[in-house]
Novice: 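Below is a structure I'd like to ask you about.
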Amino acid sequence: MSVSIKIVGKENNTDEYFAAKHLKEVLERGIDTKAIGEIFIHPSVTLFGQAVKDIDIIVCGSLINYIPSLRVFDGEGSLSSQRVEIRDFCTVVELKNHSISGIEREGSDFYVKYGESRKNVTAQSNKQKEACKSFILSLQNGITPY
């Protein structure tokens, strides 16, 4: 494979680190061998100076020649397959240890159950995404990451 995938940060005995290892294995099996580039998986990230500072996993990468076929929803809710070129990316991953029965979807939001209450993990993930973007912007003197 021409894509280097690395877990960065300190190896430890956390759910985040084990999830990062699993994600690395999934990516190694799933990325086309024609692709070139590198991916960094960073578990248990602290973004100092942000409203949301704890991120379970950040995944960043830069790829060339990676155009997978993805299943996407159109505006009417129908699923179709489209080829999408993936180049530079940065995303956050929120971990939850819930079984599938503890996860609910309402519109485009996902919720997990904690006893009798529900937590909107889509909103939580979006806040983490914005914190990550703000943190990168603060390091880049206001230049938005691609």
Side-chain angles (χ1 to χ4, degrees), residues 1-32 35-75 77 79 82-146:
M1 174 174 17
S2 298
V3 176
S4 167
I5 303 172
K6 297 177 184 161
I7 298 174
V8 296
K10 189 171 139 181
E11 182 175 339
N12 55 37
N13 197 23
T14 63
D15 289 341
E16 291 82 3
Y17 185 79
F18 290 121
K21 284 177 59 173
H22 181 67
L23 179 57
K24 180 179 189 276
E25 293 168 6
V26 169
L27 290 171
E28 287 172 339
R29 287 192 310 266
I31 293 182
D32 191 323
I36 300 168
E38 58 188 347
I39 297 173
F40 296 95
I41 303 170
H42 198 311
S44 303
V45 178
T46 301
L47 301 176
F48 294 104
Q50 301 303 310
V52 176
K53 66 178 189 170
D54 294 323
I55 310 291
D56 291 342
I57 299 175
I58 295 179
V59 183
C60 296
S62 182
L63 300 172
I64 298 170
N65 200 33
Y66 186 53
I67 309 172
S69 183
L70 301 176
R71 294 181 349 171
V72 296
F73 286 100
D74 65 15
L79 200 59
Q82 294 182 9
R83 295 186 52 79
V84 177
E85 182 174 11
I86 299 176
R87 293 186 211 157
D88 301 319
F89 63 92
C90 181
T91 190
V92 299
V93 178
E94 172 65 19
L95 296 180
K96 297 294 179 197
N97 288 327
H98 293 71
S99 67
I100 194 70
S101 64
I103 302 170
E104 298 174 355
R105 189 176 111 191
E106 197 173 285
S108 60
D109 288 353
F110 286 87
Y111 293 82
V112 294
K113 294 179 185 176
Y114 287 100
E116 295 299 315
S117 63
R118 297 184 329 155
K119 182 173 185 176
N120 185 327
V121 292
T122 302
Q124 180 181 3
S125 181
N126 285 335
K127 288 176 187 173
Q128 291 175 355
K129 173 188 70 173
E130 291 303 321
C132 185
K133 181 179 175 186
S134 286
F135 184 77
I136 292 170
L137 281 170
S138 73
L139 299 175
Q140 300 292 327
N141 294 321
I143 300 170
T144 304
Y146 179 76

Novice: Mind checking whether Leu47 and Cys132 have side chains closer than 4.5 Å, heavy atoms only?
Specialist: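 In short, these two side chains touch, coming nearer than 4.5 Å.
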Novice: Can you tell if the side chain of Val92 reaches within under 4.5 Å of the side chain of Ser125, non-hydrogen atoms only?
Specialist: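 In short, these two side chains touch, coming nearer than 4.5 Å.
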Novice: With a 4.5 Å cut-off on side-chain heavy atoms, are Val93 and Ile58 touching?
Specialist: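 Sidechains of Val93 and Ile58: no contact.
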Novice: Taking salt bridge (Lys or Arg N to Asp or Glu O under 4.0 Å) as the test, write out the residues that go with Lys96, two or more places apart.
Specialist: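 Per chain and number, Lys96 pairs via salt bridge (Lys or Arg N to Asp or Glu O under 4.0 Å) with Glu94.
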Novice: Is the shortest distance from a Lys or Arg side-chain nitrogen in Lys21 or Glu25 to a carboxylate oxygen in the other one below 4.0 Å?
Specialist: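 Salt bridge flag = no for Glu25 with Lys21.
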Novice: Is a side-chain donor or acceptor of Asp56 paired with a backbone partner of Leu95 at a separation under 3.5 angstrom?
Specialist: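 A pair under 3.5 Å: yes.
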Novice: Is there a side-chain contact between Asn97 and Asp15, using heavy atoms and a 4.5 Å cut-off?
Specialist: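 They are in side-chain contact.
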Novice: Quick one: are Ile5 and Ile41 in side-chain contact, heavy atoms under 4.5 Å?
Specialist: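 Yes, their side chains come closer than 4.5 Å.
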Novice: How about Ile31 and Tyr66: do any of their side-chain heavy atoms sit closer than 4.5 Å?
Specialist: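 Yes - at least one pair of side-chain heavy atoms lies under 4.5 Å apart.
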Novice: Is it the case that the side chain of Ser138 and the backbone of Phe135 share a donor-acceptor pair, with hydrogens and angles ignored and the cut-off at 3.5 Å?
Specialist: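 Checking the backbone N and O of Phe135 against the side chain of Ser138, a donor-acceptor pair under 3.5 Å is found.
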Novice: Tell me if a side-chain donor or acceptor on Asp32 pairs with a main-chain N or O of Ala35 at a distance below 3.5 Å.
Specialist: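 Pair absent, no side-chain N/O of Asp32 close to backbone of Ala35.
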Novice: Is any side-chain heavy atom of Phe40 less than 4.5 Å from a side-chain heavy atom of Ile7?
Specialist: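 Heavy-atom side-chain distance check fails, nothing below 4.5 Å.
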Novice: Go through the structure and list residues passing salt bridge (Lys or Arg N to Asp or Glu O under 4.0 Å) with Lys127, not counting sequence neighbours.
Specialist: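 Counting only residues at least two positions away or on another chain, Lys127 forms no salt bridge (Lys or Arg N to Asp or Glu O under 4.0 Å).
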Novice: Taking all heavy atoms of Ala20 and all of Ile57, pick out the closest pair and write down the distance.
Specialist: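 Closest approach of Ala20 to Ile57: N-CD1, 3.9 Å.
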Novice: Just checking Tyr17 against His22, ring centres under 6.0 Å apart?
Specialist: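 For Tyr17 and His22, the ring centres are not under 6.0 Å apart.
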Novice: Could you measure the distance from the CD atom of Glu130 to the CD atom of Gln128? Nearest 0.5 Å is fine.
Specialist: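 It comes to 11.5 Å.
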Novice: Under 4.5 Å between any side-chain heavy atoms of Tyr111 and Thr122, yes or no?
Specialist: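 A side-chain contact is absent here, since even the closest heavy-atom pair is not under 4.5 Å.
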Novice: Can you pull the salt bridge (charged side-chain N to carboxylate O under 4.0 Å, His left out) pairs that have at least one residue in residues 111-120, sequence neighbours excluded?
Specialist: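 Passing the test, one end in residues 111-120: Glu104-Lys113, Glu104-Arg118, Glu106-Arg118.
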